[in-house]
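To keep things clear, I will list the structure first and then write my remarks on it.
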Amino acid sequence: MINEKRVKELCHMAVYDAHKDKTDQQTGQYYMWDYVSKELIKSFFSGTISYLLLVLLWVLSSLEQVNALINNLNVFSLAVSLLVLYIGFMAIYLFVTVVVYSVRFTNGRKRLKQYEGHMTRARKLYHREDQQRS
């Protein structure tokens, strides 16, 4: 005879395995700040590359302005202003990274706890069924 409660629990587990398993398993392997710091390191490199590409795009789009800035201004002041912009860009980018991945970690942990709850209930239902057979 089919146990409806057990089928419900197994259905919840199957839906979780099909959609959320891979991303949530990563959050289950780390502590929160280990997970966020791993993502911060990746974001640091991707943010640096993004900033360099944005500067390159700006230079290519306005060559005349850049040439005038280099001729009229001190190159050192241009480099300092680009460095200040880089620091500001990275501060914002890394702050957003911390917020986003903290929320992802928290939500992933909640889904893992729900999954573990479904697994525990299914295990108990199997155990009860085995006891009734004996």
### Message
Once salt bridge (Lys or Arg N to Asp or Glu O under 4.0 Å) is applied, do any residues pair with Lys42, and if so which ones, sequence neighbours excluded?
### Response
Glu39

#### Entry: same_hphob_cluster(Trp58, Leu52) at 4.5 Å side-chain heavy-atom cutoff
no

### Query
Using links of under 4.5 Å between side-chain heavy atoms of ILVMFWY residues, direct or through other members, which residues join Phe95 in one cluster?
Val99

### Query
Which pair of heavy atoms, one from Val55 and one from Leu82, lies closest together, and at what distance?
CG2-CD2, 4.4 Å

### Task
Kindly say whether Val59 contributes a backbone atom to a donor-acceptor pair with the side chain of Ser62 at under 3.5 angstrom?
no

## Note on the structure
For Phe89 and Ser50 the tightest heavy-atom approach is CZ-CB, 4.4 Å

### Message
Suppose we screen for ring pair (Phe, Tyr, Trp, His ring centres under 6.0 Å). Which residues come up paired with Tyr86, at least two apart in sequence or across chains?
### Response
Tyr51

### Message
Heavy-atom count check: over 12 atoms from other residues, nucleotides or ligands less than 6.0 Å from Lys38 NZ?
### Response
yes

### Query
In the single-linkage hydrophobic clustering (I, L, V, M, F, W, Y; side-chain heavy atoms under 4.5 Å), do Ile49 and Leu83 co-cluster?
no

## Note on the structure
To the nearest 0.5 Å, atom CG of Leu53 lies from atom CG of Leu60 at 10.5 Å

### Query
Does atom CD of Gln131 have more than 12 heavy-atom neighbours from other groups under 6.0 Å away?
yes

### Query
With side chains defined as the heavy atoms from C-beta onward, is the minimum distance between Met32 and Tyr35 less than 4.5 Å?
no

### Between OG1 on residue Thr97 and CD1 on residue Ile41, distance to nearest 0.5 Å
12.0 Å

### Task
Determine, using the 4.5 Å side-chain heavy-atom cutoff (strictly less than), whether Tyr101 and Phe45 are members of one ILVMFWY cluster.
yes

### Task
Taking atom types as modelled, find out whether Tyr93 and Ser46 have a side-chain donor-acceptor pair closer than 3.5 angstrom.
yes

### Query
Going from OG1 on Thr106 to CZ on Arg111, what distance comes out if it is rounded to the nearest 0.5 angstrom?
10.5 Å

### Approximate separation, where rounding is to 0.5 Å, of Ser37 OG and Tyr31 OH
13.5 Å

